[in-house]
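Chain naming here is simple, since letters A, B, ... match the order of the sequence lines and numbering starts at 1 in each. Values below: all heavy atoms of this structure, side chains included; hydrogens, waters and symmetry mates excluded.
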Protein chains: 2
Amino acid sequence: MSIKAHSIKDIAAKANVSITTVSFILNGKAVERNISKAVIERVQGIVDASGYKPNQIARSLRTGNSQIIGLIVEDIANPFFAGIARLLEDKAYKKGYKIIYSSTENQAEKTRELINLFKSRQVDAYVIAPAQGAEADIKKIINDGKPVVLFDRYLPELDVNYVGVDNFDASYRAAKHFLAEGKRNLVLVTVDLDIEQIKEREAGFQTAVAESGLKKTASLVIKVPYGTSREDTITLLVDMLQQAPQTDAILFATNYLAISGLLAIKQTDKVINKDLSVIAYDDGDIFKLHTPQISALAQPLEEIADSIIKKVFEQLSAKAENTIEKTILPVKLVLR
Amino acid sequence: MSIKAHSIKDIAAKANVSITTVSFILNGKAVERNISKAVIERVQGIVDASGYKPNQIARSLRTGNSQIIGLIVEDIANPFFAGIARLLEDKAYKKGYKIIYSSTENQAEKTRELINLFKSRQVDAYVIAPAQGAEADIKKIINDGKPVVLFDRYLPELDVNYVGVDNFDASYRAAKHFLAEGKRNLVLVTVDLDIEQIKEREAGFQTAVAESGLKKTASLVIKVPYGTSREDTITLLVDMLQQAPQTDAILFATNYLAISGLLAIKQTDKVINKDLSVIAYDDGDIFKLHTPQISALAQPLEEIADSIIKKVFEQLSAKAENTIEKTILPVKLVLR
DNA sequence: CTGAAAGCGCTTACAG
DNA sequence: CTGAAAGCGCTTACAG
């Protein structure tokens, strides 16, 4: 039966030393403090035997840092964010950090709340896929001196670390690919959100079309209102396909739009790869398994997570000035 | 410009009252403490104007609870766990709780570590999809008196709250369905993990087959070793299909096996719904989008999350005795 | 080589 | 109606 020890005091009492000594040993400062080998071993032995773990809360209160990174995304159940969450978790864990997460549902109000909540929890760093309108709140935490890394969503007016992908280029290449295939009636199915990411996805598409010299009318941009249910989206897209039967290529600007879109196409007599080329943003098993397989613009999850965590720890260790940096990673066009 | 206030002391000073008074007002105990209306309003005004938020860490240290629920799963990026995580987050948030998560990769060792880490962070409750071998560690936190709810994975030797689904019944019904379709060469593709959940999935299948009076040899159970890569799994399943060409129905015991399995079937000349019926555990868009659509055994995510959170808060409010309860929810067989 | 003591920011039993 | 003070479990500057 091991001796229960609930606090550093118990350990100190058992070892007949002060809590100061125990604390130094626990924090690996025994050598620098010239604590005798005998004492170190005695204390360490008691700590091991008792299974004592320092109370992180007390430590946090004293030191001001929590070893926790706050992660704020739109929806943790979204495969993109879930994937990032997992990778961040792994990488943070290796450095002794844990992750606390929350979903904003793309609401600035909720984002503000979460930031405040995280602040009161003394998180050491923030990783945020921000909703529009959260600029002021994010500015505040930056001013607090805490590391902040934004990702996925770009907020142009904020001078802060950002990790994202080159959406313009991705859409541009997708559209170019359609054109090279000989397609002439391209459609972009996108969402009506006024966020940089989405705007760039449209701009890249439009630019490629413009460069091709196609008449404007030959290309079409459908903006599905944010929050439209899956059924309504499908109805809307089926209608579109019927009204524009000449459509021969579709780029879906988001993953969930692609899923609705594929379900919509199933309801028509259009055959993918025969009547219609399709490319979807954000790759997943779902596109690999689809018959036929669907080409996709794959965000480099691993690289994104790497860049985020690298930035976070750079800032946490605060070596040199905190150089603000925008990292733009390339999207991979996976043709199938 | 609002007045910055970093601690309760600042507020107290500004309002010319003691921190005691501020604390009571902040915690809604003003009335019960008979604090004058004038003071309440003055303090509240200052709090609002300054944007002051109490330091949760200090509060935790003092009160012993953190308003944090620890979530331990195999892999937060797995859609099932990500979905549960999201639902738990929502429900917990409404009660002022946040979630901290970690992935175990199904290792008991990692589970132990995480439990200790969470303990040192003073989480108020644990929600765990446990790895085999974590029994002793889970027993410890139960003895600490913290609410613990296990889900997904069942640990028979532990007398603890559990929320899961009726895996036996689900497999049983799936196999019965195959038999009712006239299928006579059923295969179960499962994983070689020695966990209750998986064992039940096999038992339900075998029982249905046995009841049908089919010769044993007519049914086949393939156990893919845990951790086999997707490619190797596919190879293995393609081989199986070639060696047992009479196979006319396959039940996949996990989501990822189904995905590998569907990819494997694509490599053969078998046509689903013509040569072969397929049912997969854990529904998802991926099966709805597949051509043809794949029938699935859908876990009731929402109900699972509901049951978990209900149990957690029941125990947190500790009304009555902590009645240990096993909740077994039915799986829905979605035929397509 | 080691320890007493202050202090992180709260909550709350006690006193008036 | 309100406040002084103890204490949650640590870390660390200071002293010897």
Side-chain angles (χ1 to χ4, degrees), chain A residues 4-44 47 50-68 96 117 119-124 144, chain B residues 4-44 47 50-68 96 116 119-124 144:
Chain A
K4 271 239 171 157
H6 288 109
S7 83
I8 196 171
K9 231 200 251 169
D10 302 326
I11 302 288
K14 233 150 252 159
N16 261 316
V17 294
S18 73
I19 62 167
T20 306
T21 300
V22 177
S23 175
F24 283 125
I25 293 171
L26 250 27
N27 289 300
K29 295 184 182 164
V31 223
E32 119 196 10
R33 294 279 307 196
N34 292 329
I35 294 173
S36 68
K37 214 165 170 222
V39 169
I40 295 179
E41 277 165 8
R42 181 150 40 97
V43 169
Q44 198 61 59
V47 167
S50 67
Y52 164 76
K53 296 277 170 196
N55 181 322
Q56 265 297 334
I57 299 278
R59 184 177 273 177
S60 291
L61 182 59
R62 181 54 225 252
T63 62
N65 45 46
S66 58
Q67 306 285 105
I68 289 183
L117 233 42
K119 203 192 295 188
S120 74
R121 288 247 154 70
Q122 315 240 96
V123 304
D124 290 346
D144 286 354
Chain B
K4 274 240 172 155
H6 288 109
S7 85
I8 197 171
K9 231 200 249 165
D10 302 326
I11 302 288
K14 234 152 250 160
N16 261 313
V17 293
S18 72
I19 61 167
T20 306
T21 301
V22 176
S23 176
F24 283 126
I25 292 171
L26 250 27
N27 289 302
K29 294 187 183 162
V31 223
E32 122 194 7
R33 295 278 308 195
N34 291 328
I35 294 174
S36 68
K37 215 167 169 220
V39 169
I40 297 178
E41 277 166 9
R42 182 151 41 98
V43 169
Q44 198 60 60
V47 168
S50 67
Y52 164 74
K53 296 275 172 199
N55 181 321
Q56 266 296 337
I57 299 278
R59 183 177 275 176
S60 291
L61 181 58
R62 183 52 226 252
T63 63
N65 46 45
S66 58
Q67 307 284 107
I68 290 183
N116 282 330
K119 203 193 295 188
S120 75
R121 288 249 154 69
Q122 314 242 96
V123 305
D124 290 345
D144 286 353

Need one value for A:Lys37: base, sugar-phosphate or nothing, where a base atom within 4.0 Å counts as base even if backbone is also close, heavy atoms only.
nothing

What's the closest nucleotide to the side chain of B:Ile19 if the choices are C:dA6, C:dA5, C:dT11?
C:dT11

B:Ser18 vs D:dA4: side-chain N/O to OP1/OP2 distance below 4.0 Å
no

Can you tell me the pairing partner of D:dA4 across any strand shown, Watson-Crick or G-U wobble, with both distances under 3.5 angstrom?
none

Pick the nucleotide of DNA chain C nearest each of A:Thr20 and A:Asn34; which residue has the one closer to the 5' end?
A:Asn34

So, is B:Thr21 close to the D:dG3 phosphate, meaning a side-chain N or O under 4.0 Å from OP1 or OP2?
yes

Round to a whole Å and report the spacing from CD1 of A:Ile35 to P of D:dT11.
12 Å

Establish, from distance only, whether the side-chain atoms of A:Ser23 and A:Thr20 form a donor-acceptor pair under 3.5 Å.
no

Below 4.0 Å: OP1/OP2 of D:dT11 and any side-chain N or O of A:Lys29:
no

Mind calculating the distance between CG (A:Asn55) and P (C:dG9) to the nearest angstrom?
17 Å

Would you kindly give the NZ-to-P distance between B:Lys9 and D:dG3, to the nearest whole Å?
16 Å

In whole Å, what is the span from the CZ atom of A:Phe24 to the P atom of D:dT11?
9 Å

Which one is paired to C:dA13, where only Watson-Crick or G-U wobble pairs with both distances under 3.5 angstrom count?
none

Closest non-hydrogen contact found for A:Ile40 with A:Ile35 is CD1-O, 3.5 Å

Length of the line joining A:Arg42:CZ and C:dT2:P, which is rounded to integer Å
8 Å

Short side-chain N/O contact from B:Ser7 to OP1 or OP2 of C:dG9, under 4.0 Å:
no

List the steps, then state whether side chain to side chain contact (heavy atoms under 4.5 Å, CB included) holds for B:Thr21 with B:Ser18.
CA-CA 5 Å; B:Thr21 301; B:Ser18 72; 3.3 Å; yes

To the nearest Å, give me how far apart CD1 (B:Ile57) and P (C:dG7) are.
21 Å

Atom CD of B:Gln56 to atom P of D:dC8: distance rounded to whole Å?
20 Å

With a 4.0 Å cut-off on heavy atoms, is A:Thr63 in touch with a base, just the backbone sugar-phosphate, or nothing at all?
sugar-phosphate

Taking 4.0 Å as the cut-off, does a side-chain nitrogen or oxygen of B:Tyr52 come that near to OP1 or OP2 on C:dG9?
no

Give, for atom CG of A:Leu61 and atom CD of A:Gln122, the distance between the pair rounded to the nearest 0.5 Å.
7.0 Å

Rounded to the nearest Å, what distance is computed from the CD1 atom of residue A:Ile8 to the C1' atom of nucleotide D:dT12?
12 Å

DNA chain D nearest-nucleotide lookup for B:Ser36 and B:Leu61: closer to the 5′ end is B:Ser36

Least distance between heavy atoms, A:Ser66 atom then A:Asp124 atom
N-OD1, 2.8 Å

